[in-house]
Amino acid sequence: MTTKSGFLAEAHARGFVFQCTDEAELDAALSAGTVAGYIGFDPTGDSLHVGHMVQIMLLRLLQKHGHKPVALLGGGTAKIGDPSFREEARQLLTDAQIAENIAGIRRNIAPFLRFGDGPSDAIMANNADWLDKLGYIELLREIGPHFSISRMLSFDSVKSRLDREQGLTFLEFNYSILQSYDFRELSRRLGVALQMGGSDQWGNIVSGVDLVRRTDGRQVFGLTAPLITTASGAKMGKTAKGAVWLTAERLSPFDYWQFWRNTEDADVGRFLRLFTDVPLEEIARLEVLGGAEINEAKKRLATEATTLAHGAEAAAASAETARLAFEEGAAAENLPSVTLPEAELAAGVPAFALFVSAGLAASNGEARRLIRGGGARLNDVAISDEGLVISAADLRDGALKLSAGRKQHRLVRVGD
RNA sequence: GGAGGGGUGCCCGAGUGGUUAAAGGGGACGGACUGUAAAUCCGUUGGUGAACGCCUACGUUGGUUCAAAUCCAACCCCCUCCA
């Protein structure tokens with residue numbers, strides 16, 4: 001079909017669309033006026049990570065085209081846990097943890113959207129506002145008749161879990177019912193007519209669309225984005241130190257920049273389309289770069305993506321730090337750094353211990369192995385002696401540069 | 001409630017009394033090659049220690065034994081079928 005609405009057209013062009021419930025009608029609605037669309041975020045952690053970026057960028061794209069993005073925080077559903085495709089039941093969270101997580105996620109999303117009271121300004125909602133006081137009997141009577149067990153069992157998200165003989169508790173099974181209830185609640189309260197999400201949410205989303213139609217007679221829509229993997233098939237977002245967090249305290253802007261810089265060649269174009277605002281024509285020019293030139297496109301990707309999450313200043317600083325560190329081999333000022341008490345350094349610190357306190361190794365043993373394997377460097381010189389003691393004599397311009405492998409660098413500064 | 005099956009390291013999975021910090025694979029990390037890429041090849045992959053070692057680890061607790069992931073008991077959890 002040919003889409004008329006700017007949002008759908010660009011969503012397709014950038015690779016955001018996997019499935020849609022009724023694309024023709026959705027397109028018509030989007031063309032006719034402002035549409036409010038939402039995506040839910042589970043507050044299961046205090047920071048989102050790159051795995052959530054597709055969803056965030058979808059909301060951003062929606063707003064770009066004059067529609068209203070709604071970020072729904074699952075303060076209520078987090079008490080249950082989404083079982084979709086999950087290998088095992090989630091741990092249940094306490095109210096205090098959930099509140100803390102919501103605050104962190106708010107901060108993650110904030111830079112990507114314009115919030116306010118205008119017609120296309122973004123808003124955040126928390127489903128605890130309605131789920132917490134929901135009565136069980138009331139829910140059963142009102143919603144229960146509209147859900148078919150056999151139908152729910154047929155959803156891939158549920159089936160895969162049962163097929164693997166991993167069981168599914170009633171508690172988890174109810175998650176999709178509450179998610180449907182959320183959709184209806186947002187439809188009633190805010191006129192939300194579209195729910196988006198990852199492809200793993202398809203079943204839950206379709207259930208919500210059905211519920212709203214059956215109980216309110218209103219047509220609402222569902223749109224899912226594909227699961228993003230790297231060209232070599234790995235799940236995206238894993239790095240040496242775990243998930244690629246959006247929170248600067250958990251992952252420095254420099255490391256965030258580095259994550260994008262290290263994108264596989266084959267993914268550069270796709271990622272530029274999904275994770276930056278770079279115009280499509282420009283991306284088309286960038287992605288055809290061959291050989292080492294593709295690195296310019298990767299730098300652009302890294303800087304654009306970091307700008308969105310951490311601001312232009314942090315992005316530029318990261319780019320410059322990377323340039324100094326990788327292209328000139330210098331100990332750039334802005335490398336992630338740790339501070340070491342002067343007295344400790346004066347007394348001499350074993351190299352392996354310093355790697356641990358710099359966060360480059362998880363244990364002394366790991367640091368030793370790193371040294372033994374030839375991957376540890378001090379001031380860009382490989383450390384060959386496992387028992388090497390580092391002292392004030394090793395300072396260069398008042399700091400030490402530690403490297404684990406070619407990519408991970410830390411500056412150790414001296415303080416009190 | 002009954003019958004049967006199962007819970008092993010980051011994950012999958014082998015192991016059914018000592019030679020087991022536990023095969024194999026995946027993942028991850030390091031090295032080589034490169035372009036801070038992919039693919040490939042090599043190495044490493046519980047903690048502590050310079051080291052013989054010591055400590056911790058095979059759902060939990062207790063027991064048998066010179067010796068237990070392996071045998072026994074109780075308990076917890078998961079799965080399948082029956083009620």
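Letters A, B, ... are given to chains in the order of the sequence lines, protein chains preceding strands, and every chain is numbered from 1. In what follows, every heavy atom counts, from backbone to side chain, and hydrogens, waters and symmetry copies are set aside.
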**OP:** Give one of base, sugar-phosphate or nothing for A:Ala404, where a contact means two heavy atoms less than 4.0 Å apart.
**Re:** sugar-phosphate

**OP:** In whole angstrom, give me the gap between the P atoms of B:U65 and B:A50.
**Re:** 40 Å

**OP:** Side chain of A:Asp265 only, please: which of B:G35, B:G30, B:G31 is the nearest?
**Re:** B:G35

Original post:
Can A:Arg300 and A:Glu304 be counted as an ion pair, charged N to O under 4.0 angstrom?
Top reply: yes

**OP:** Just call it for A:Trp260: base, sugar-phosphate, or nothing, with non-hydrogen atoms closer than 4.0 Å on any strand.
**Re:** nothing

Subject >> Pairwise P distance for B:U36 and B:G27, with rounding to whole Å >> reply: 24 Å

**OP:** Drop me the distance from A:Asn127's CG to A:Thr77's OG1, to the nearest 0.5 angstrom.
**Re:** 3.5 Å

**OP:** Between A:Gly405 and A:Lys299, name the one whose nearest nucleotide on RNA chain B is closer to the 5' end.
**Re:** A:Gly405

Subject >> 5′-ward residue of the pair A:Gly374/A:Arg323 relative to RNA chain B >> reply: A:Gly374

Original post:
Of all the nucleotides listed (B:G30, B:G35, B:U36), which has the minimum atom distance to the side chain of A:Ile294?
Top reply: B:G35

Enumerate all atom pairs, one protein N or O and one N or O from nucleotides 46-52 of chain B, separated by less than 3.5 Å.
unit_1, atom_1, unit_2, atom_2, d
B:G47, OP1, A:Ser363, OG, 2.6
B:G47, OP2, A:Arg369, NH1, 3.3
B:U48, OP1, A:Asn364, N, 3.0
B:U48, OP2, A:Gly365, N, 2.8
B:G49, OP2, A:Asn364, ND2, 3.1
B:A50, OP2, A:Arg368, NH2, 2.7

**OP:** Salt-bridge test for A:Lys68 and A:Asp121: reply yes if a basic N is under 4.0 Å from a carboxylate O, no otherwise.
**Re:** no

Subject >> Parallel, tilted or perpendicular: ring planes of A:Trp260 versus A:Phe271, cut at 30 and 60 degrees >> reply: perpendicular

Subject >> Nearest to side-chain heavy atoms of A:Asn295, which nucleotide of B:G35, B:G30, B:U36 >> reply: B:G35

Subject >> A:Arg273 with A:Asp267: basic N within carboxylate O range, under 4.0 Å >> reply: no

Original post:
Quick one: which of B:G30, B:G35, B:U36 gets closest to the side chain of A:Gln408?
Top reply: B:G30

Original post:
If you draw the axis of the six-membered ring of A:Phe352, does the NZ or CZ of A:Arg368 fall within 45° of it and under 6.0 Å from the ring centre?
Top reply: yes

